[in-house]
Every structure is written in C-alpha cells, then in structure tokens.
There are 2 protein chains.
Amino acid sequence: MTAPAPPPRSRRSAADRREQLVGIGLQLLPTTPVQELTIDEVARRAGISRSLLFHYFPSKRDYYRAVTRAAADLLRTHLTPPDGVPAADRPAWMLDRYVGWVETYRETHLAFVRGAAGGDPWVAEVYEETREALVDLGMGALGIGAPGGLEDPLRRQLVRSWFAFTEDLVHQWVREPATSREDLLALLTDVLGRLLDR
Amino acid sequence: MTAPAPPPRSRRSAADRREQLVGIGLQLLPTTPVQELTIDEVARRAGISRSLLFHYFPSKRDYYRAVTRAAADLLRTHLTPPDGVPAADRPAWMLDRYVGWVETYRETHLAFVRGAAGGDPWVAEVYEETREALVDLGMGALGIGAPGGLEDPLRRQLVRSWFAFTEDLVHQWVREPATSREDLLALLTDVLGRLLDR
DNA sequence: CGGCTTGCTGAGCAACGGTCAGCACGCTAC
DNA sequence: GTAGCGTGCTGACCGTTGCTCAGCAAGCCG
C-alpha cells in the first residue's frame, strides 16, 4: 500500500511563491482575525513547509505587513481615477468607487480596517500610510494643495477626519441602508463641501 | 544562605484579586500592544502564579474583555454629566469632557481605541457596545429620541459617524494642534448641528 | 483536633513562532 | 551523462505562551 501520493510539491520561482503566499493571506484575512491566522495554516494551504514561509518573510509580522500592504494597494488603485475622468468629476468618482468597494467587499474591507488599525503597530503603520495616501489622492482630486505640500494643516486634518466620518457612515449604511445610495453620496459630498468652505 | 524572601503572597478576597488584576491590565494596555501582553507578565506583576489568573478569567480573551470593559466604563462615567449641568449645556459639556479626556490620556486612549477596534472580535464587541452607549448618551443630551428608541435611523447613524469624525479630529488635534481649543470645540458642535439640521 | 471552604501553586501539555543544517531539484560545463 | 552548483525547500529541534489539573495551605467552624 503506497502513501496517498503527497501533493506534487512544485518548485516555484521566488516571486511566484511570494505572490502565492500573499494571495493566501488576502483570502484568509477577511475570515480570520489577524492573530488567529497561524503560519501553519498558511503554509498548509500553500502546500509548503513553515520553514519556507520564514525563508521569504523573516517573521510573522513581516508577512502580515506584506499582506496588509497588498490589500491597501488594491484599494488605492481601485480609487485612483483613470485619465478618462475629467478633473471636476474626480471627487465624486472616487467617492462612488469607495462606496462601491465597501458594498462589494463588506466584511473583507471591514476586516482590513479593523485588522490594520488594531493591535500590531507595524501593521497599523501600513494602514496609516494608506490613509494618508488616500487623503493625498482626495485632496489632489479636490485641487487643494500638492500631495505632502505645505497647505493649511487644519484643512488637511478636516479632510482626513471627513474620511473617518465617511468610512463609518458607509459601513453603517451597508449594514442598514437608512437612505438611498444617491442621497448617501450627496450627503457625503455636501458635508465635505461645507467643511472646506470655512 | 536563605532564599531572598519571596514577596509575601498575601491571600486576598476574590473581588480584590479581580480588581487588582484588571488594574494591572489597565496600567499595561497603553504601553503594550494587546497581543504582546502575556499572562506571565500580568501574573508576575501581581505576584501570583499564572494558574490563579486562569482561575479568575477562564481565558486570556476573557481577561482582556474585562480590562477593556473597565477602560470603557471609565470613559463612560467620565462623559456622563452630573445632575448639576443644565440640559441645554450637556452636549457642550460632554464634548469638552471628551476632548479633555483625550488630552489627558493621549496614548492611553488611542491604545484603547486601537486595541478595541482591532483584531479580536470579542474585544471589538465591547468597544462597539461602548460606542453605542456613548451615542445614546449624546443623543439623550441633545434631546433626540429615547436611548434605544425608534427614532430616525439615519439620524442615529449620523450622530455615530459624527462621533467617528470627532474621534479622528481630536486625535489629530492633540498630536498637532492646528487651531485653538475653543475653535475646535466650536467647529465640532457646528458640524454636528448642521448634520442634524437636515 | 478534625473537617470544610476556598485562595492558590507547580508540574506538565499542546500549539505556536522561529532557527538551522542539510536535502533535492534543475541548470550548466565538461 | 555525469560532475558540480545555485537555490528552492524540508524535518527536526527549541523557547515561549495559553491553558489544565491534581493537590497544597490558610483561615474558620464544630
């Protein structure tokens, strides 16, 4: 009686492996709280030994950082307007895309926000970075100051906090739509407009 | 040569111990990311064995839940207006208290928000609960609907999201005060007022 | 003193993160 | 074709951490 043919352990290129491992992390993150996701599990799903994972990512933190960054990059590119969108429409376009993203991914996105904001400082850092990038993106679309520029700091803080407002409201809206989608979008743009009108 | 007199392990009542252990957790939480806080460390500081801690809290999660809830309760009582405050002043009073709280505890509060919102669902639950209670508190002060009542759901969502806005803005303001304290308070009340005027 | 309650401990287990020496696969050189 | 070599990859091992359990010991009653 021969062994039940262990899965053919293919030999991959380094880049391939990294991609595969990060991909598995992206699949697992939404369903598994960060700290319950074990290296064992990831390695098992990838059909490799734990040791190999440590070969590519020196520590668990590094692995999570990579996964979080990958998730953040997905969101960022999704929110970046293509050249076709006229400058005036960009804020509305981005907002619409953001709502669409949350609608589509619901738990996934919430898990990202939660996982990123919570516990581990190294991962929180990636999240913070992403948030700043999104604020830059948004402020660029609004035509306010250059990214990382010397514009009014209060104004920047307001945009950032408006983002927190939006994040929270959209999440609530997805769970319990208390208004139409159009009204939600209108409300959000209106609030932002008023904030910047000061 | 006698052993260096191990600290006299006093025998405490169950309530005392619980309180002591939660107290240690409250001290440690701000400086230590949730998942790096080990039971060993807590037990060591309390001068007891790990086993005893597991006697009072069936698991690490339960312990963290208790600590988080204690932190949340502190905030809640701090934000609850005493009888002396007239109804009309309560919203402003609470807002002022909230800013004061963040000013005083800075990292501590941030760590609470982070730790609570992050990772572990059981702890996030406590945070969610607290947030709802704070919204109730705020809406009560504003004279909008009874707590847990059947008021306009959109309105409630707006108050909640405004809270997220406030949380974020105050945190930014504490790190980098881009305006005076009075202006910050005025801005926040103004934003809330406009949101509710719809 | 004996017996009861209950605060408390130490030894021990399983699971996890992380390390290390070395195997094996696939390539080129002769 | 086979010797050599870079490198993808593994198994065995270690320390720590969450958690269990049988039982000690301190107080309090009769």
Side-chain angles (χ1 to χ4, degrees), chain A residues 3-25 28-29 31-68 115 118-123, chain B residues 3-25 28-29 31-68 115 118-123:
Chain A
R9 281 172 181 155
S10 57
R11 198 184 169 92
R12 299 202 187 193
S13 79
D16 260 20
R17 262 301 174 229
R18 283 187 96 94
E19 198 176 339
Q20 180 204 18
L21 293 173
V22 169
I24 291 178
L28 255 39
L29 256 198
T31 66
T32 319
V34 195
Q35 42 203 309
E36 277 180 25
L37 179 54
T38 75
I39 294 290
D40 262 33
E41 175 69 11
V42 177
R44 210 178 48 72
R45 297 212 175 202
I48 61 170
S49 68
R50 278 177 330 217
S51 317
L52 188 57
L53 203 150
F54 282 108
H55 175 71
Y56 289 110
F57 305 92
S59 77
K60 195 184 174 187
R61 310 181 166 187
D62 289 88
Y63 175 62
Y64 285 154
R65 266 235 298 270
V67 173
T68 307
D120 319 315
W122 356 285
V123 180
Chain B
R9 280 170 183 156
S10 58
R11 197 185 170 91
R12 299 203 187 191
S13 78
D16 261 21
R17 261 303 173 229
R18 282 189 95 94
E19 198 176 337
Q20 181 204 16
L21 294 174
V22 169
I24 291 178
L28 256 39
L29 257 197
T31 65
T32 320
V34 195
Q35 43 204 309
E36 277 181 25
L37 180 55
T38 75
I39 294 291
D40 261 34
E41 176 69 9
V42 178
R44 210 177 47 73
R45 297 211 176 203
I48 61 171
S49 68
R50 277 174 331 207
S51 317
L52 188 57
L53 203 150
F54 282 109
H55 175 69
Y56 290 110
F57 306 93
S59 77
K60 195 185 173 187
R61 309 180 166 189
D62 289 87
Y63 175 63
Y64 285 154
R65 267 235 298 270
V67 173
T68 306
D120 319 314
W122 357 287
V123 180

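Here is how names work: the chains are called A, B, and so on, in the same order as the sequence lines, proteins then strands, and each is numbered from 1.
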Q: For B:E19, give me all partners under salt bridge (charged side-chain N to carboxylate O under 4.0 Å, His left out), at least two apart in sequence or on another chain.
A: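 Once residues adjacent in sequence are excluded, B:E19 has no partner under the salt bridge (charged side-chain N to carboxylate O under 4.0 Å, His left out) criterion.
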Q: Heavy atoms from C-beta onward define the side chain here; which of C:dA24, D:dC13, D:dG18 lies closest to that of A:R11?
A: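 When the side chain of A:R11 is considered, C:dA24 is the closest of C:dA24, D:dC13, D:dG18.
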Q: Expressed as a whole number of angstroms, how long is the span from B:F54:CZ to C:dT6:P?
A: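 Taking CZ of B:F54 and P of C:dT6, I get 23 Å after rounding.
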Q: Quick one: on DNA chain C, does B:R50 or A:R50 contact a more 5' nucleotide (nearest heavy atom)?
A: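 Mapping each residue to its closest nucleotide by heavy atoms, the 5'-most match is B:R50.
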Q: With respect to B:E41, which candidate in B:T32, B:I24, B:L28 satisfies the side-chain contact (heavy atoms from CB on, under 4.5 Å) definition?
A: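 The option that passes is B:L28.
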Q: Rounded to the Å, how far apart are B:I48 CD1 and C:dG10 C1'?
A: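 Spelled out: CD1 on B:I48 to C1' on C:dG10 is 14 Å.
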Q: Roughly, in whole Å, what's the span from CD in B:Q20 to C1' in C:dC8?
A: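 Taking CD of B:Q20 and C1' of C:dC8, I get 13 Å after rounding.
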Q: Rounded to the Å, how far apart are A:R18 CZ and D:dC9 C1'?
A: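 After rounding, the reported distance stands at 16 Å.
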Q: Below 4.0 angstrom, which residues in residues 57-65 of chain A have at least one non-hydrogen atom near DNA chain C?
A: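 Those residues whose heavy atoms fall under 4.0 Å from DNA chain C, taken from residues 57-65 of chain A in numerical order, are A:P58, A:S59, A:K60.
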Q: Could you check which of D:dT17, C:dG17, D:dG8 has an atom nearest any side-chain atom of A:Y56?
A: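 Nearest nucleotide to the side chain: D:dG8.
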Q: Who pairs with B:D62 by salt bridge (charged side-chain N to carboxylate O under 4.0 Å, His left out), at least two apart in sequence or on another chain?
A: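 B:D62 satisfies salt bridge (charged side-chain N to carboxylate O under 4.0 Å, His left out) with B:R65 only.
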Q: Rounded to the nearest Å, what distance is computed from the NE2 atom of residue B:H55 to the P atom of nucleotide C:dT5?
A: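 Value for this atom pair: 15 Å.
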Q: Any side-chain to backbone donor/acceptor pair from B:R18 onto B:Y56? Under 3.5 Å, distance only.
A: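 Side chain of B:R18 to backbone of B:Y56, a donor-acceptor pair under 3.5 Å: yes, one is there.
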Q: Can you see if the side chain of B:R17 gets near the phosphate of C:dC8 - specifically, an N or O under 4.0 Å from OP1 or OP2?
A: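 The answer is yes; a side-chain N or O of B:R17 sits under 4.0 Å from OP1 or OP2.
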Q: Could you tell me how far apart B:R44 (CZ) and D:dT17 (P) are, to the nearest whole angstrom?
A: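 Whole-Å distance recorded here is 11 Å.
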Q: For A:Y63, check ring-ring contact (aromatic ring centres under 6.0 Å, His included) against everything at least two apart and list the hits.
A: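 For A:Y63, the residues satisfying ring-ring contact (aromatic ring centres under 6.0 Å, His included) (neighbours in sequence not counted) are A:F57.
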Q: Take the protein atom CG of A:L52 and the nucleotide atom P of C:dG18, then report the distance between them rounded to whole Å.
A: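 About 15 Å, once rounded to whole Å.
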Q: Between D:dC9 atom C1' and A:L53 atom CG, what is the distance in whole Å?
A: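 It works out to 12 Å between those atoms.
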Q: Of all the nucleotides listed (D:dT10, C:dT19, D:dT17), which has the minimum atom distance to the side chain of B:D40?
A: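 Ranking D:dT10, C:dT19, D:dT17 by closest atom to the B:D40 side chain puts D:dT17 first.
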Q: Using heavy-atom distances to pick each residue's nearest nucleotide on DNA chain C, tell me which of B:A14 and B:S51 is more 5'.
A: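 Counting from the 5' end, the first nearest nucleotide belongs to B:A14.
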Q: Under the ring-ring contact (aromatic ring centres under 6.0 Å, His included) test, which residues partner B:F54, sequence neighbours left out?
A: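 Listed in chain order: nothing, the list is empty.
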Q: According to the salt bridge (charged side-chain N to carboxylate O under 4.0 Å, His left out) rule, which pairs have a member within residues 51-61 of chain B, sequence neighbours left out?
A: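 Every pair satisfying salt bridge (charged side-chain N to carboxylate O under 4.0 Å, His left out) with a residue in residues 51-61 of chain B: A:E36-B:R61.
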